[in-house]
2 protein chains.
Amino acid sequence: MATIYDVARLAKVSKTTVSKVVSNTPYVSEETKKRVLEAMEQLQYSPNLAARGLKGKRTYVIGLIVPYHAEHLFHDPFILDIVLGVESTASDYDYSVLLFMPKPTDKRGVYDRFLRTGYVDGVVTLESHAGGIDDTILDELGIPRVSAGYREDLKQINSVHSNDRLGGYLALAHLLELGHRNIGIISGPANFVVAVDERLQGAREAMAEWGIQLDPALIGYGDFNVGSGYQVAQQLLEREQRPSALFCMNDRMAAGAMYYAHNHDLLIPADLSLIGFDDIALPTIVEPPLTTIHQSPTEIGKTATQHLFALINAEIESFATITLPVELVVRQTTAAPYARSIHMGSSLK
Amino acid sequence: MATIYDVARLAKVSKTTVSKVVSNTPYVSEETKKRVLEAMEQLQYSPNLAARGLKGKRTYVIGLIVPYHAEHLFHDPFILDIVLGVESTASDYDYSVLLFMPKPTDKRGVYDRFLRTGYVDGVVTLESHAGGIDDTILDELGIPRVSAGYREDLKQINSVHSNDRLGGYLALAHLLELGHRNIGIISGPANFVVAVDERLQGAREAMAEWGIQLDPALIGYGDFNVGSGYQVAQQLLEREQRPSALFCMNDRMAAGAMYYAHNHDLLIPADLSLIGFDDIALPTIVEPPLTTIHQSPTEIGKTATQHLFALINAEIESFATITLPVELVVRQTTAAPYARSIHMGSSLK
DNA sequence: CTGAAAGCGCTTACAG
DNA sequence: CTGAAAGCGCTTACAG
């Protein structure tokens with residue numbers, strides 16, 4: 001591979017000058033610059049990252065830490081989208097991404113070693129809940145860090161996530177506006193996945209605005225999988241006072257709930273309104289199309305990485321948590337309550 | 001961060017000796033070694049990767065190239081599992097993983113630059129179909145490469161994938177042994193995803209053994225999503241001579257087919273046998289449990305990475321394609337054909 | 001605007 | 001078994 005020396009010789013300048021052209025320093029004459037650029041092109045020169053990293057203040061590499069959690073959380077399709085957002089943004093900044101996936105069984109040393117090798121200018125961590133990454137080594141080494149997701153220490157700093165509280169609020173407000181009062185919630189794991197707690201809080205706030213207290217008995221806890229949506233729907237819909245609407249904390253559980261409704265001759269949305277969260281591409285056979293709260297995992301990855309570069313470049317020292325907008329997407333699974341039963345009597349089956 | 005010099009000083013030896021201890025060279029006295037090890041521990045010394053990469057023959061980094069394909073292929077849960085296998089194996093070998101996700105819109109230069117920076121000792125590429133990675137730059141730079149999945153040039157070399165042909169064979173053989181003769185196939189995209197072609201070939205071979213010719217009209221083409229499984233099932237099951245069994249090329253399409261069967265009062269397996277491929281964790285509400293062909297994406301990642309290290313260490317020069325075993329997992333969606341209709345007459349509805 | 005020189009933290013022959 | 005010295009390919013003050 002061509003080195004800076006080869007380029008210098010071909011362009012008849014010094015290594016120093018080549019280096020200046022590479023790093024776009026001003027005060028290089030146009031003519032010299034052009035000659036160097038041509039030589040670089042001709043030799044397909046690409047600066048050796050190891051050498052840059054060794055001498056300069058930068059390694060041109062950021063770390064991406066994706067802790068392996070429980071099976072179903074790790075296989076969340078969002079993870080790949082966030083990773084994609086991080087990688088493509090890093091690439092835009094001419095940075096490379098070093099991937100690190102610590103397992104829960106890893107001793108502390110593994111994590112330390114990854115950072116102490118001195119390879120990274122900063123790290124993005126993917127987090128969703130307790131037991132994640134801790135900052136002490138990062139602080140000690142002076143490596144900036146941005147969290148894509150909620151920080152495990154819950155500090156409102158250097159992290160990027162969806163406005164989950166607003167999402168919970170919008171979902172409930174939508175149902176309340178339609179006239180629903182007896183609303184069940186199919187929650188994810190609470191006190192563990194921070195986003196879940198936030199969405200619950202948002203739901204609570206919406207209900208408070210309508211003067212309603214959230215009944216804990218109307219909250220069921222699933223694990224984000226389709227199957228748990230089915231089970232929790234069953235648990236909630238078998239109640240004496242059957243809820244007229246369900247807020248499901250992700251689209252997959254909403255699909256499970258819909259499946260339960262189909263199996264029990266509940267028409268959606270006539271007998272039961274359903275709203276999800278995420279706005280993933282559900283199988284087209286899940287009918288009717290789901291009303292949901294849209295969020296953008298790729299944007300989370302992008303925004304987190306952009307802000308990491310702002311930290312690396314010392315443009316900012318830290319930033320307050322960024323909450324990305326979420327959006328209510330009304331499709332065909334929500335309507336006024338008991339639209340059908342009002343006309344046809346209350347006995348549904 | 002502590003350097004090799006700090007360690008040398010603390011242990012009262014030369015840098016050279018420390019380096020020898022780090023790289024586990026023999027011919028260091030036990031006593032010296034122990035002192036150095038203690039100093040390393042005390043200073044939390046970790047060799048600087050950039051310096052190692054610059055001077056030594058190795059960078060201790062491998063590249064992982066995950067091309068962004070069509071939406072649904074990229075979001076295949078297998079990808080994350082393969083990545084996990086690669087990362088954890090690299091980590092076992094004290095290597096780091098540099099992630100690279102080229103988009104179809106990337107100009108050639110982006111890919112080149114990733115490799116020309118001289119950061120990687122080798123690369124693992126994730127591939128499934130045409131239009132992937134080409135070897136010319138790798139060959140030019142002398143960077144070893146292993147493909148996790150079928151190589152896009154279809155060379156039977158330095159690649160690791162499941163024994164898809166055997167999988168196709170096992171699936172069909174299972175159905176044929178149960179007595180099915182009129183068998184439909186819900187295929188993935190053919191002439192594009194290599195594994196699909198292989199599975200079809202395996203299916204063909206099984207049928208030939210039973211003296212049956214595969215009828216092209218009994219093959220429908222889906223896109224691996226649940227919805228397409230539903231649609232193709234419909235297309236095949238509405239035929240004059242309704243197939244008594246369907247071989248689905250992944251579990252998600254099998255779930256779609258099952259859903260179609262439920263909606264049309266076909267009992268599984270009494271009226272219709274169904275076999276999938278992959279053995280993913282389907283939602284528990286998909287009932288009955290699916291008979292399928294098991295494969296192990298994490299193993300693909302691990303095996304590919306292990307062999308990459310064998311190439312890097314020059315233990316081998318190349319290796320013939322490794323096909324990882326697949327396994328028939330018989331659960332409850334397959335049975336002898338028309339188990340019910342034989343007893344109850346042929347009118348099903 | 002240009003370039004000579006020092007040095008980043010290692011590894012690797014080589015000599016002892 | 002141990003260590004002095006050269007050098008990997010860059011960047012960065014510094015001098016001109």
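Letters A, B, ... mirror the listed sequences (proteins, then strands); counts begin at 1.
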Working to the nearest 0.5 Å, report the span between OG of A:Ser147 and NE2 of A:His307. 13.5 Å
Contact under 4.0 Å: B:Ser29 side-chain N or O vs D:dT2 OP1/OP2: yes
What is the separation between atom CG on A:Asn48 and atom C1' on D:dG7, rounded to the nearest whole Å? 14 Å
Taking 4.0 Å as the cut-off, does a side-chain nitrogen or oxygen of B:Tyr119 come that near to OP1 or OP2 on D:dG9? no
Value in whole Å for how far the P atom of D:dG9 lies from CE of A:Met1: 9 Å
Check whether any side-chain nitrogen or oxygen of B:Tyr5 sits under 4.0 Å from OP1 or OP2 of C:dG7, and answer yes or no. no
Side chains of B:Val22 and B:Tyr45 in contact at under 4.5 Å (non-hydrogen atoms): yes
Sugar-phosphate, base or nothing in reach of B:Val22, heavy atoms under 4.0 Å: nothing
Under-4.0 Å side-chain N/O to phosphate OP1/OP2 contact, B:Ser19 with C:dT12: no
Please give, in whole Å, the distance from D:dG9 C1' to A:Asp6 CG? 11 Å
Between B:Arg9 (CZ) and C:dG9 (P), how many Å, whole number? 12 Å
Less than 4.0 angstrom between a side-chain N/O of A:Ser14 and OP1 or OP2 of C:dG3, yes or no? yes
Can you check the B:Lys57 NZ to D:dC8 P distance for me, whole Å? 11 Å
Taking only the side-chain nitrogens and oxygens of B:Thr32, find out if one of them lies under 4.0 Å from OP1 or OP2 of D:dT2. yes
Is there a side-chain contact between A:Asp164 and A:Tyr150, using heavy atoms and a 4.5 Å cut-off? yes
When you match B:Lys55 and A:Ala51 each to their closest nucleotide on DNA chain D, which lands nearer the 5' end? B:Lys55
Could you work out which one of D:dC8, C:dG3, D:dC10 sits closest to the side chain of B:Leu54? D:dC8
Which nucleotide, in any strand shown, forms a Watson-Crick or G-U wobble pair with C:dT2, with both distances under 3.5 Å? D:dA15
Gap between atoms CG and C1', on A:Leu49 and C:dC8 respectively (whole Å): 15 Å
May I ask you to evaluate whether A:Arg52 reaches the phosphate of D:dC10, defined as a side-chain N or O under 4.0 Å from OP1 or OP2? no
In terms of the nearest nucleotide of DNA chain D, which residue is placed more toward the 5' end: B:Thr17 or A:Lys15? B:Thr17
Working to the nearest 0.5 Å, report the span between OG1 of B:Thr321 and CG of B:Leu154. 9.5 Å
note: B:Tyr45, atom OH; C:dT11, atom C1'; distance rounded to Å ~ 10 Å
Length of the NZ-C1' vector between B:Lys20 and D:dA4, whole Å: 11 Å
Measuring from atom CD of A:Glu30 to atom NZ of A:Lys34, what distance do you get when rounded to the nearest 0.5 angstrom? 10.0 Å
